K.L.:
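I have a structure I would like to understand better, so I am pasting it below and will then ask my questions one at a time.
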Amino acid sequence: MLRFVTEPRRTPDKRAPELRREDFEEIYAGFQERQAEAQASRCSQCGVPFCSSGCPLGNHIPDWLRLAAEGDLREAYELSTATSNMPEICGRICPQDRLCEGSCVIEQSGHGTVTIGAVEQYITDNAWKNGWVKPVTPKRERDQSVGIVGAGPAGLSAADQLRHLGYKITVYDRYDRAGGLMIYGIPGFKLEKDVVARRVQRLQDSGVEFVQNADVGGTLPFSELREKHDAILIATGVYKARDLSVPGAGSKGVIRALDYLTASNRKGLGDAVPDFDSGEMDARGKRVVVVGGGDTAMDCVRTAIRQDAASVTCLYRRDRENMPGSAREVLNAEEEGVVFRWLSNPKSVLGEAEALAGVRVARMRLGPPDQSGRQSPEEVPGEDADLDADMVIKALGFSPEDLPGAFGEPDLALTRWGTLKADPSSFETSLPGVFAAGDIVRGASLVVWAIHDGRKAAAGIHDFLRAGEMPHGVATVGEQSTRYDPRVQEPVAAK
Ligand SMILES: Cc1cc2nc3c(=O)[nH]c(=O)nc-3n(C[C@H](O)[C@H](O)[C@H](O)COP(=O)(O)OP(=O)(O)OC[C@H]3O[C@@H](n4cnc5c(N)ncnc54)[C@H](O)[C@@H]3O)c2cc1C
Ligand code: SF4
């Protein structure tokens, strides 16, 4: 260990931009055993590991780095999986520069952070390869059942935790495949689909039942689930796309980011996608403008490149330093040929309703800080410019759908952002026996936070069921839970 002075920091090999533009496969090769051991050995084994405090899951990072450096990969896997339900997925898509690696002390001392994410990915990929990742076999089976609405990372992590405890688990999802945004949002070049599918398969092999195409609150009433199960977890994510409110925004050719990404992911999975085949969701040969600066915008620009767009431009109203998307992904996008126009905001969409021609772009500057401390962008008068475009993709973020309305539960309490109010330690909502986790609680966030919440909510459900406070199926709509603390008004801090 402590080799950070002699062993330089190395990241896994990245495929050349001209090769990776041609397909949707992951762009990093992943470490080989020797590389993983060498990189893990750079850790200085801090007495107070800031990397662990920087990780939402509190992963035992220095311990599994030491085990990996010593070649004890099985132990490293056991330790890594003790705090995370999908370490190989976090290793691939966590913005480590803002989490564990951003807190690493050797980074602070100028030696370059330990490549924690890449080693984490290696440890669990290697465990899958060696057959060490097994289905869950609970020590005892319990009679009680839990219904989980949403098969994203929050729902899947809770299912894993609760199955370990012996509960009967049914996961309901309105899509035809489980995985949530990890399947239909995040493209394969960041996270290949079979990496998610094997996690789902493991849960199926563990006895977790999946009911796909089940639109809870639509075709399947929420009250039916409450009748059927002893506790419910709502892990439905946030899907209402924020709109572009400028003249011409309703023109044909102005599309929503998630519709675009879902069409592309479905195509990659071999589905029939009429919207893609008609050309509406296909960027081939088009001049594409993506509006937004988060992870979703980055995934859209890089998808358009792979679909062989004629040009891809990203408009973001603040500057590079203030961009919410991961710095690593911005760099990857630039290497692949995306043009970024910082301090740029769409002012109107040009052309006819049926024939998009371009975007009028206002030049912005950063003004005084707002209440959150971030500098607010403001328009520089007289500096508009017109940009040709055949496709405009809106990637402006997401807000929650109206769950109390859809679920017929007017007493399901919301925050002022429309997310579900949940107790910050048990994750129970205002309805007794009904818990919530992931983006629907914290707003659009990260996979690692969804895992964190799914684990916490599972612990809350276990406490609830052990206490035997809700006899099977008798929770009354509108009844206030004894564990729900109405003083807790804010959602868990969004990341
Ligand atoms: C394009 C994009 C890229 C991203 N990239 C990253 C990244 O690189 N790294 C990262 O950490 N995070 C990333 N994120 C964020 C991350 O995907 C989410 O924070 C995370 O998936 C939230 O997990 P969740 O389980 O709460 O919800 P979701 O993953 O959204 O899953 C919710 C599930 O609930 C189902 N559902 C919803 N309503 C109902 C209903 N009424 N009935 C039945 N089922 C329902 C949905 O079909 C879905 O399967 C990205 C997000 C997007 C959109
Ligand atoms: S902060 Fe960096 S050097 Fe310290 S224990 Fe964590 S990974 Fe190792």
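For ligands, and for the atoms within them, numbers begin at 1 and follow the listed sequence. Since this is a predicted model, take the numbers as computed values, not measurements.
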K.L.:
I need the contact type for Thr113 against ligand 2. Using non-hydrogen atoms and a strict under-4.0 Å cut-off, is it side chain, backbone, both or neither?
P.N.:
neither

K.L.:
Under 30°, 30 to 60°, or over 60°: which ring-plane class applies to Phe222 and Phe407, parallel, tilted or perpendicular?
P.N.:
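The arrangement is parallel - the two ring planes meet at less than 30°.
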
K.L.:
How does Ala214 reach ligand 1, if at all, at less than 4.0 Å between non-hydrogen atoms: by side chain, backbone, both, or neither?
P.N.:
backbone

K.L.:
Will you find, in the side chains of Asp205 and Gln201, an N or O donor that is under 3.5 Å from an N or O acceptor?
P.N.:
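There is such a pair (donor and acceptor under 3.5 Å, judged by atom type) between the side chains of Asp205 and Gln201.
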
K.L.:
Can you list the ligand 1 atoms lying under 4.0 Å from a non-hydrogen atom of Gly180?
P.N.:
29 (O), 31 (O), 48 (C), 49 (O)

K.L.:
Show the atoms of ligand 1 that are less than 4.0 angstrom away from any heavy atom in Gly237.
P.N.:
27 (O), 30 (O), 32 (C)

K.L.:
Before signing off on this row, confirm whether Gly150 and ligand 1 have an N or O atom pair separated by under 3.5 Å.
P.N.:
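No, there is no polar N/O contact under 3.5 Å.
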
K.L.:
Which residue and non-hydrogen atom of the protein lie closest to atom 47 (O) of ligand 1, and at what distance in Å?
P.N.:
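Ranking protein heavy atoms by distance from atom 47 (O) of ligand 1, first comes Asp173 OD1, 2.8 Å.
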
K.L.:
Please write down residue, atom name and distance for the protein heavy atom closest to atom 42 (N) of ligand 1.
P.N.:
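Here the nearest protein heavy atom works out to Val216 N, 3.0 Å.
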
K.L.:
Considering both backbone and side-chain atoms of Val447, is one of its nitrogen or oxygen atoms within less than 3.5 Å of a nitrogen or oxygen in ligand 1?
P.N.:
yes

K.L.:
Which atoms of ligand 1 sit under 4.0 Å from any heavy atom of Tyr175?
P.N.:
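Per the distance check, 47 (O).
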
K.L.:
Taking the six-membered ring for Trp, are His452 and Trp449 parallel (under 30°), tilted (30 to 60°) or perpendicular (over 60°)?
P.N.:
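Correct class here is perpendicular.
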
K.L.:
Please write down residue, atom name and distance for the protein heavy atom closest to atom 44 (N) of ligand 1.
P.N.:
Arg174 N, 3.0 Å

K.L.:
Examine the proximity of ligand 1 to Leu261 and report which part, side chain or backbone, both or neither, has a heavy atom under 4.0 Å away.
P.N.:
side chain

K.L.:
What residue and atom, counting heavy atoms only, is the protein's closest point to atom 3 (S) of ligand 2, and at what distance?
P.N.:
Ser44 N, 3.3 Å

K.L.:
Under 4.0 Å, heavy-atom basis, I'd like to know which part of Asp299 is in contact with ligand 1: side chain, backbone, both or neither.
P.N.:
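Side chain only; the backbone of Asp299 stays clear of ligand 1.
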
K.L.:
Got the closest protein heavy atom to atom 15 (C) of ligand 1, with its distance?
P.N.:
Ser445 O, 3.2 Å

K.L.:
Hey, does Tyr184 sit under 4.0 Å from ligand 1 if you only count heavy atoms?
P.N.:
no

K.L.:
In terms of residue, atom name and distance, what is the protein heavy atom nearest to atom 37 (C) of ligand 1?
P.N.:
Thr236 O, 3.1 Å

K.L.:
Any N/O of Leu181 closer than 3.5 Å to an N/O of ligand 1?
P.N.:
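Among all N and O atoms of Leu181, at least one is under 3.5 Å from an N or O of ligand 1.
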
K.L.:
Backbone or side chain, does any N or O of Glu401 fall under 3.5 Å from an N or O of ligand 1?
P.N.:
no

K.L.:
Taking atom CZ as the centre, does Arg317 end up with more than 12 heavy-atom neighbours from other residues, nucleotides or ligands that are less than 6.0 angstrom away?
P.N.:
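Incorrect, the count does not exceed 12.
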
K.L.:
Among Gly179, Pro153, Gly443, which residue places a heavy atom closest to atom 21 (O) of ligand 1?
P.N.:
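Ranked by closest heavy atom to atom 21 (O) of ligand 1, first place is Pro153.
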
K.L.:
Given Thr262, Ile186, Ile440, Val441, identify the one with the heavy atom nearest to atom 13 (C) of ligand 1.
P.N.:
Ile186

K.L.:
Using non-hydrogen atoms of the residue, decide whether Met182 is closer than 4.0 angstrom to ligand 1.
P.N.:
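The answer is no, since Met182 has no heavy atom less than 4.0 Å from ligand 1.
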
K.L.:
Is Glu335 salt-bridged to Lys14, going by a charged N under 4.0 Å from an acidic O?
P.N.:
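A salt bridge links Glu335 with Lys14.
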
K.L.:
Closer than 4.0 Å to some heavy atom of Gly438 - which atoms of ligand 1 meet that?
P.N.:
26 (O)

K.L.:
Does NZ or CZ of Arg15 come closer than 6.0 Å to the centre of the six-membered ring of Tyr28, within 45° of the ring's axis?
P.N.:
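Not satisfied by the 6.0 Å and 45° rule.
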
K.L.:
Check ligand 1 against Lys190 and write out every atom of the ligand that is under 4.0 Å from a heavy-atom position of the residue.
P.N.:
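Counting atoms of ligand 1 from 1, those under 4.0 Å from Lys190 are 5 (N), 6 (C), 7 (C), 8 (O).
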
K.L.:
Could an N or O of ligand 1 be found under 3.5 Å from any N or O of Phe407, whether backbone or side chain?
P.N.:
no

K.L.:
Before signing off on this row, confirm whether Thr296 and ligand 1 have an N or O atom pair separated by under 3.5 Å.
P.N.:
no

K.L.:
For ligand 1 and Ala450, I'd like to know whether there is a polar contact (N/O to N/O, distance under 3.5 Å).
P.N.:
no

K.L.:
For Arg74 and Glu78, indicate whether the former's side chain and the latter's backbone hold a donor-acceptor pair under 3.5 Å.
P.N.:
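Judged by distance alone, no pair lies under 3.5 Å.
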
K.L.:
Please verify whether a non-hydrogen atom of Ala235 lies at under 4.0 Å from ligand 1.
P.N.:
yes

K.L.:
Can you confirm if the NZ or CZ of Arg266 lies within 45° of the ring axis of Tyr184 and under 6.0 Å from the centre of its six-membered ring?
P.N.:
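Geometry flag: set, cation within 6.0 Å and 45°.
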
K.L.:
Suppose I only count heavy atoms of Tyr239 and a 4.0 Å limit; which atoms of ligand 1 are within that range?
P.N.:
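Result: 28 (P), 30 (O), 31 (O), 32 (C), 46 (C), 48 (C).
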
K.L.:
Identify the closest protein heavy atom to atom 9 (N) of ligand 1: which residue and atom is it, and at what distance?
P.N.:
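It is Ile93 O, 2.9 Å.
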
K.L.:
Just jot down the ligand 1 atoms closer than 4.0 angstrom to any heavy atom of Ala154, in number order.
P.N.:
25 (O), 26 (O)

K.L.:
Quick one: do the Gln307 and Arg284 side chains pair a donor with an acceptor below 3.5 Å?
P.N.:
no

K.L.:
Judged by modelled atom types alone, do Arg174 and Asn213 share a side-chain donor-acceptor pair under 3.5 Å?
P.N.:
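There is no such pair between these side chains.
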
K.L.:
Give me the residue, atom name and distance of the protein heavy atom closest to atom 26 (O) of ligand 1.
P.N.:
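Nearest neighbour among protein heavy atoms for atom 26 (O) of ligand 1, to 0.1 Å: Asp439 N, 2.9 Å.
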
K.L.:
Report the nearest protein non-hydrogen atom to atom 2 (Fe) of ligand 2: residue, atom name, distance rounded to 0.1 Å.
P.N.:
Cys104 SG, 2.4 Å

K.L.:
Who's the nearest protein heavy-atom neighbour of atom 6 (Fe) of ligand 2, and how far?
P.N.:
Cys51 SG, 2.3 Å

K.L.:
May I ask you to list the atoms of ligand 1 that are less than 4.0 angstrom from any heavy atom of Gly152?
P.N.:
25 (O), 29 (O), 31 (O), 33 (C)

K.L.:
State which residue, out of Phe464, Tyr172, Phe435, fulfils the ring pair (Phe, Tyr, Trp, His ring centres under 6.0 Å) condition with His229.
P.N.:
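Among Phe464, Tyr172, Phe435, the one that satisfies the ring pair (Phe, Tyr, Trp, His ring centres under 6.0 Å) with His229 is Tyr172.
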
K.L.:
Hey, are Ser245 and Asp243 close enough side-chain-wise for a donor-acceptor pair under 3.5 Å?
P.N.:
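Distance-only check fails for Asp243 and Ser245.
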
K.L.:
Just jot down the ligand 2 atoms closer than 4.0 angstrom to any heavy atom of Leu65, in number order.
P.N.:
7 (S)

K.L.:
Which bit of Val149 gets closer than 4.0 Å to ligand 1, counting heavy atoms only: side chain, backbone, both or neither?
P.N.:
side chain

K.L.:
From Cys43, does some N, O or S atom reach closer than 2.8 Å to atom 6 (Fe) of ligand 2?
P.N.:
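It does not: Cys43 brings no N, O or S atom closer than 2.8 Å to atom 6 (Fe) of ligand 2.
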
K.L.:
Between Thr83 and Asn59, do the side chains contain a donor N or O and an acceptor N or O under 3.5 Å apart?
P.N.:
yes

K.L.:
Within ligand 2, which atoms have a heavy atom of Pro62 less than 4.0 Å away?
P.N.:
5 (S)

K.L.:
Does Gly217 have a heavy atom less than 4.0 Å from any atom of ligand 1?
P.N.:
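In this structure, Gly217 fails to qualify as a contact of ligand 1 - no heavy atom is under 4.0 Å.
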
K.L.:
Among all protein heavy atoms in this structure, tell me which lies nearest to atom 4 (Fe) of ligand 2, with the distance rounded to 0.1 Å.
P.N.:
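Nearest protein contact, heavy atoms only, for atom 4 (Fe) of ligand 2 is Cys46 SG, 2.3 Å.
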
